[in-house]
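Each ligand, and each atom within it, is numbered from 1 in the order the structure gives.
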Amino acid sequence: MALDTESFDILLDTVRRFIRERLVPAENYVEEHDEVPQEIVQEMKDIGLFGLSIPEEYGGTGLSMSQECQVAFELGRTALAFRSVFGTNVGIGSQGILMDGTPEQKRDILPRVASGDLIMSFALTEPDAGSDAASLKTRAELDGDHYVLNGTKRFITNAPRAGAFTLMARTGGPGATGVSAFIVPADTPGLRLGKPDKKMGQRGTKTCDVILEDARVPAANIIGGVAGQGFKTAMKVLDRGRLHISAVSCGTAQRIIEESAAYARERKQFGKAIGEFQLIQAMLADSQAEMLAGWALVQDVSRRFDLKPPHMSDPDVSMRASCAKLFCTEMVGRVADRGVQIHGGSGYINEYKVERFYRDVRLLRLYEGTTQIQQLIIGREVLRAG
Ligand code: COS
């Protein structure tokens, strides 16, 4: 699956213009009001951002992973809250259905996901199951032709906007094989949302708990119709999501480099622009080299991703996606830190964009698997394959 080159070039130009002309000027509004304006959400729908990764047969744009990463790079160049509005539709919220769903589930859900009429969110994490995802406790008990769900899901991105969740719950015994993935409509009686999380950064991104108290969901809502496959579905979805986040990290790193270079050209100390000092140049040079190394890795892994069937997992590609997540999210953390350093005292002041990016990028090393989980996945595969 890929969009033809000419159409893709037009899309990429449109996205770049949209970011430059609409999103960057709205960054201050998002920071101050902790929300993305509705007219911008509508424009995102009009451009087709909600359906980037959904095949054309379901009304999406049908980008390949390589193409999606190029768009994700561009989206990384502005406040990350914008991407999060449709990020779960493009990635973790919808891809489980696309990879493992029944034909009926795909026909029912994906066209609405692609148009943005339905926001899908991904609910795996729980108060006591973060990195150890296979230990999740939310229970799904069969009762006739329904499952009854009880438990709490935590830090669920886009939960307040979601019309439905891809939600992992335990239908069987302990461990990964007892987990199933459900499509849970947000208006299911017994499902309610917790209070909004107050976060360090990414203002405008919405997260909260999803609480299930005797929430009845048709048994037909198990993704793929077979219980016990949900952990694998979640892992495949996360492999893909980790690559997407890596591309976003590279885009944000590039934006921070550009903000820092602009400041270094303007700011004068000791009688000249600070950019003329080699210690400032060294920080810019390290950041630029690391960003380009990360981006080269993302491009390589996304090409490999496109060579395998999208619903199949390949341990070597998963390992490489973890390498990209590990390297790129840590890299953008270093780039943001240098960005603040180049800005000096101004880098600590909210008015300057670099202070926001510094806080925003901190999350990238945590969600969709911490740096330490990526190390664990890489280490295990290196030992297995060698
Ligand atoms: N693709 C497909 N299947 C996968 C897979 C992948 N990437 N990774 C694991 N699996 C399969 C395994 O092959 C295994 O199946 P079999 O028993 O048939 O062999 C099953 O899933 C269990 O895998 P494993 O034994 O590796 O599970 P662990 O409990 O050891 O956990 C980690 C593995 C740590 C990798 C997993 O729990 C993880 O990714 N944790 C982080 C979760 C996360 O990213 N959370 C973020 C929240 S979402 S924003």
Subject >> Close-contact set for ligand 1 against Ala176 heavy atoms, below 4.0 Å >> reply: 22 (C)
Original post:
Given the rule in the side-chain contact (heavy atoms from CB on, under 4.5 Å) test, do Arg77 and Arg20 qualify, once you have shown the distances and angles that lead to the verdict?
Top reply: CA-CA 9 Å; Arg77 295 170 63 97; Arg20 200 171 53 241; over 6 Å; no
Subject >> Thr125, Asp197, Asp209, Thr207 screened by side chain to side chain donor-acceptor pair (under 3.5 Å) with Arg154, the one that passes >> reply: Asp209
**OP:** Identify, for atom 34 (C) of ligand 1, the protein heavy atom at the shortest distance, and state residue, atom and that distance.
**Re:** Ile373 CD1, 4.0 Å
Original post:
Quick one: nearest non-hydrogen protein atom to atom 23 (O) of ligand 1, plus distance?
Top reply: Phe231 CE2, 3.7 Å
Original post:
Got the closest protein heavy atom to atom 49 (S) of ligand 1, with its distance?
Top reply: Glu368 N, 3.5 Å
Original post:
Given Val15 and Leu49, is the side-chain contact (heavy atoms from CB on, under 4.5 Å) satisfied, shown in steps?
Top reply: CA-CA 9 Å; Val15 170; Leu49 294 181; 4.0 Å; yes
**OP:** Look at atom 33 (C) of ligand 1 and say which protein heavy atom is nearest, naming residue and atom and giving the distance to 0.1 Å.
**Re:** Arg380 NH2, 3.7 Å
Subject >> Closest protein heavy atom (residue, atom, distance) for atom 1 (N) of ligand 1 >> reply: Ser313 OG, 3.2 Å
Original post:
Among Gly175, Gly369, Ala129, whose heavy atom sits nearest atom 45 (N) of ligand 1?
Top reply: Gly369
Original post:
Of the listed options (Ser318, Ala134, Gly241, Gly130), which comes nearest to atom 42 (C) of ligand 1 when hydrogens are ignored and any heavy atom counts?
Top reply: Gly130
Original post:
Just going by heavy-atom distances, which of Thr370, Asp239, Leu376, Leu238 is nearest to atom 7 (N) of ligand 1?
Top reply: Asp239
**OP:** Could you tell me which atoms of ligand 1, counted from 1 in the order shown, lie closer than 4.0 angstrom to a heavy atom of Lys236?
**Re:** 1 (N), 2 (C)
**OP:** Look at atom CD of Gln278 and say whether more than 12 heavy atoms of other residues, nucleotides or ligands are closer to it than 6.0 Å.
**Re:** no
Original post:
When you look at CD of Glu266, are more than 12 heavy atoms from neighbouring residues, nucleotides or ligands closer to it than 6.0 Å?
Top reply: no
**OP:** Could you name each residue pair satisfying ring-ring contact (aromatic ring centres under 6.0 Å, His included) that touches residues 170-219, not counting sequence neighbours?
**Re:** Tyr147-Phe182
Subject >> Shortest heavy-atom approach to atom 41 (C) of ligand 1 - which of Pro315, Ala133, Ser131 >> reply: Ser131
Subject >> Donor on one side chain, acceptor on other, Gln341 and Asp337, under 3.5 Å >> reply: no
**OP:** Measure the distance from atom 5 (C) of ligand 1 to every protein heavy atom, then report the residue, atom name and distance (to 0.1 Å) of the closest one.
**Re:** Met235 CB, 3.4 Å
Original post:
Looking at atom 12 (C) of ligand 1, is any protein heavy atom nearer than 4.0 Å to it?
Top reply: no
Subject >> Check: Ser121 side chain, Thr157 main-chain N or O, donor-acceptor pair, under 3.5 Å >> reply: yes
**OP:** State plainly whether the residues Glu381 and Arg384 are in salt-bridge range, i.e. N to O under 4.0 Å.
**Re:** yes
Original post:
Looking at Asp314 and Arg304, does any basic side-chain N land under 4.0 Å from a carboxylate oxygen?
Top reply: no
Original post:
For atom 29 (O) of ligand 1, is the nearest protein heavy atom under 4.0 Å away?
Top reply: yes
**OP:** Run through Lys353, Arg203, Arg356 and flag the one making a salt bridge (charged side-chain N to carboxylate O under 4.0 Å, His left out) with Glu27.
**Re:** Lys353
**OP:** Report the part of Arg242 in contact with ligand 1, treating N, CA, C, O as backbone and CB onward as side chain, heavy atoms under 4.0 Å; options are side chain, backbone, both, neither.
**Re:** side chain
Original post:
With atoms numbered from 1 as shown, which atoms in ligand 1 lie under 4.0 angstrom from a non-hydrogen atom of Ile377?
Top reply: 35 (C)
Original post:
Hey, is OH on Tyr348 packed in by over 12 heavy atoms from elsewhere, all under 6.0 Å?
Top reply: no
Subject >> Protein contact to atom 3 (N) of ligand 1 [nearest heavy atom, distance to 0.1 Å] >> reply: Lys232 CG, 3.9 Å
**OP:** For atom 47 (C) of ligand 1, grab the closest protein heavy atom and report residue, atom and distance to one decimal in Å.
**Re:** Thr125 OG1, 3.2 Å
Subject >> Heavy atom of protein inside 4.0 Å of atom 19 (O) of ligand 1, strictly below >> reply: no
**OP:** Could you tell me if any non-hydrogen atom of Phe122 lies under 4.0 Å from any atom of ligand 1?
**Re:** yes
